[in-house]
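The structure appears below as structure tokens.
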Amino acid sequence: MSDAVIVIDFETTGISPAHGARATEVAAVLVADGRILDRYQSLMNTGAWIPPFIEQLTGISNRMIQQAPDAARVMGELARFIGDTPLVAHNASFDKKFLQAELDRIQLAPQAEMLCSMRVARRVYPQAVNHKLATLVRHARLVKTGAYHRALADAEMTAGLWLEMQAELGRQFGLERIPLALLRKIQSAPCRGLRGCVEAFRRSSNFQIQ
DNA sequence: TGCCAGGCCCTCTTTAGGGCCTT
């Protein structure tokens, strides 16, 4: 199973774990061989209070969280699901903070790198109106798998976007497959440097295009 | 009860400022 990734998405009580925000739901989907092969999803009870604005945004209520499994149990299950598989998230810096903060509480540390679908999308779809997940799903004419701002639906749609961006790169540059190493290069390349980045990677010693 | 961040990216830049994106 080459270049497998796990797409991860957290719903939370706020923006910053450094200011007390906690996770309320997490989903992770295993993507390999061009499709979703496995899923993990759970609400999680951290004891934190969800502000009304966030309840309205996500549809996740304080009542739902009170009945959810304990956060430590959920994060342990999530860590086992992830293992050391590379992660992908939309605006990865956000999910990375919460993954690290919630794992810290059970004395675990993230084992895997995290790539950012938003940074890749800014380079693959520079013409998009903006690079919000919902906009990119519409832009790429992907299937909407559920309500936005629920973890599993967002993770599945990010997975769809991840696969479609690889297909788009294949069409643009005549590549049969897009190695994870190339996506890693693309997300770190200048936003207007997509072609140069792919051509440089093509010339690299061990990259066989077709 | 309910405050709040921060890395990335662009440009009227680089000795900076402001918008984007996540909840």
Side-chain angles (χ1 to χ4, degrees), chain A residues 5-29 41-66 68 71 74-75 78 87-105 110 113-140 142 144-162 165 183-197:
Chain A
V5 296
I6 286 177
V7 179
I8 191 168
D9 186 75
F10 280 100
E11 303 305 318
T12 72
T13 64
I15 292 295
S16 173
H19 287 76
R22 298 294 305 272
T24 58
E25 186 181 42
V26 65
V29 298
Q41 177 274 332
S42 185
L43 292 168
M44 51 196 279
N45 184 5
T46 64
W49 176 79
I50 306 174
F53 165 70
I54 302 291
E55 279 192 330
Q56 192 159 24
L57 179 72
T58 64
I60 299 171
S61 66
N62 284 289
R63 187 182 184 86
M64 289 164 67
I65 291 305
Q66 283 162 11
V74 173
M75 290 307 296
L78 177 70
L87 301 174
V88 171
H90 200 68
N91 196 16
S93 63
F94 176 86
D95 293 280
K96 193 172 187 176
K97 283 187 300 188
F98 280 93
L99 177 65
Q100 189 144 19
E102 296 295 346
L103 286 178
D104 275 350
R105 291 174 177 271
E113 67 173 323
M114 191 181 290
L115 302 173
C116 181
S117 57
M118 187 181 74
R119 291 180 67 186
V120 175
R122 280 178 167 155
R123 289 149 179 85
V124 174
Y125 302 122
Q127 73 279 23
V129 174
N130 59 52
H131 297 87
K132 296 177 183 178
L133 178 60
T135 303
L136 292 166
V137 166
R138 284 194 299 273
H139 181 85
L142 302 175
K144 183 171 178 280
T145 62
Y148 288 109
H149 298 298
R150 285 304 299 264
L152 185 58
D154 280 3
E156 287 178 335
M157 287 186 281
T158 302
L161 175 65
W162 189 250
M165 288 193 295
L183 292 159
R184 200 177 284 125
K185 293 275 188 190
I186 287 172
Q187 77 160 15
S188 300
C191 271
R192 292 168 184 158
L194 177 63
R195 179 163 295 278
C197 175

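Summarising the geometry, the separation between CG on A:L133 and C1' on B:dT23 is reported as 13 Å, rounded to the nearest angstrom. Following rounding to the nearest Å, A:L99 (CG) and B:dT23 (P) show an atom-to-atom distance of 15 Å. Straight-line distance from the CG atom of A:N91 to the P atom of B:dA5: 16 Å, rounded to whole Å. In this entry the distance linking CD of A:E55 with P of B:dG2 reads 14 Å, nearest Å. Rounded to an integer number of Å, the gap from CG of A:L136 to C1' of B:dT22 is 13 Å. Taking atom CD1 on A:I54 and atom P on B:dC3, their separation rounds to 10 Å, with Å as the unit. Residue A:F53 contributes atom CZ, which lies 13 Å from atom P of B:dC4 at whole-angstrom precision. At whole-Å resolution of the value, CG in A:N62 and P in B:dG2 are 14 Å apart.
You'll find the side chain of A:V26 stays beyond 4.5 Å of the side chain of A:F98, heavy atoms only. Side-chain contact between A:L152 and A:V29: present, with at least one pair of heavy atoms (C-beta onward) separated by less than 4.5 Å. Residues A:K132 and A:H90 are not in side-chain contact: their nearest non-hydrogen atoms beyond the backbone lie 4.5 Å or more apart. Counting heavy atoms from C-beta on, the side chains of A:Q100 and A:M114 never come closer than 4.5 Å. The side-chain heavy atoms of A:L78 and A:I8, taken from C-beta on, include a pair separated by under 4.5 Å. A:E11 has its side chain within reach of A:D154: a pair of non-hydrogen atoms, C-beta onward, lies under 4.5 Å apart.
Spacing of C1' atoms, B:dT14 relative to B:dC9, comes out at 14 Å, to the nearest Å. A gap of 11 Å separates the C1' atoms of B:dA16 and B:dC12, to the nearest Å. Rounded to a whole angstrom, the distance from the C1' atom of B:dT22 to that of B:dC4 is 14 Å. Atom C1' of B:dT1 sits at a distance of 31 Å from the matching atom of B:dG18, rounded to the whole Å. Remark: the separation of the P atoms in B:dG2 and B:dC8 is 34 Å, to the nearest Å. The gap from the C1' atom of B:dC3 to that of B:dG7 amounts to 22 Å, rounded to the nearest Å. B:dC20 and B:dT15 have their P atoms separated by 25 Å, given to the nearest Å.
Residue pairs meeting the salt bridge (Lys or Arg N to Asp or Glu O under 4.0 Å) criterion with at least one member in residues 121-131 of chain A, sequence neighbours excluded, do not occur.
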Can you list, pair by pair, the side-chain donor-acceptor contacts under 3.5 Å of residues 43-56 of chain A, counting residues two or more places apart and other chains?
| unit_1 | atom_1 | unit_2 | atom_2 | d |
| --- | --- | --- | --- | --- |
| A:N45 | OD1 | A:G47 | N | 2.9 |
| A:T46 | OG1 | A:A48 | N | 3.2 |
| A:E55 | OE2 | A:N62 | N | 2.8 |
| A:E55 | OE2 | A:N62 | ND2 | 2.9 |

Side-chain donor-acceptor distances from residues 186-197 of chain A under 3.5 Å, at least two apart:
| unit_1 | atom_1 | unit_2 | atom_2 | d |
| --- | --- | --- | --- | --- |
| A:Q187 | OE1 | A:C116 | N | 2.8 |
| A:S188 | OG | A:R184 | O | 3.4 |

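Phosphate contact (OP1/OP2 of B:dC3, side-chain N/O of A:H19, threshold under 4.0 Å): absent.
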Give me, pair by pair, the N or O atoms of the protein and of nucleotides 16-20 of chain B that are less than 3.5 Å apart, along with how far apart they are.
none

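Within the model, atoms CG of A:L133 and CG of A:D9 stand 8.0 Å from one another, a figure rounded to the nearest 0.5 Å.
Remark on DNA chain B: of its neighbouring residues A:T24 and A:K97, the 5'-side contact belongs to A:K97, judged by nearest-heavy-atom nucleotide. Position along DNA chain B of the nearest nucleotide to A:D154 versus A:G20 favours A:G20 as the more 5'-ward residue.
Taking every heavy atom of residues 185-195 of chain A and every atom of DNA chain B, pairs under 4.0 Å involve A:C191, A:R192, by number. DNA chain B lies under 4.0 Å from at least one heavy atom of each of the following residues of residues 7-17 of chain A: A:D9, A:F10, A:E11, A:T12, A:G14, A:I15, A:S16.
Backbone-only contact: A:R123 has heavy atoms under 4.0 Å from sugar-phosphate atoms and none from a base.
The aromatic rings of A:H139 and A:Y125 lie perpendicular to each other, with more than 60° between the two planes, well past the 30° mark.
Residue A:V7 forms a side chain to side chain contact (heavy atoms under 4.5 Å, CB included) with just one option from A:V88, A:D95, A:L161, and that option is A:V88.
Between A:T13 and A:G20, the shortest heavy-atom distance links the atoms OG1-O, 4.5 Å.
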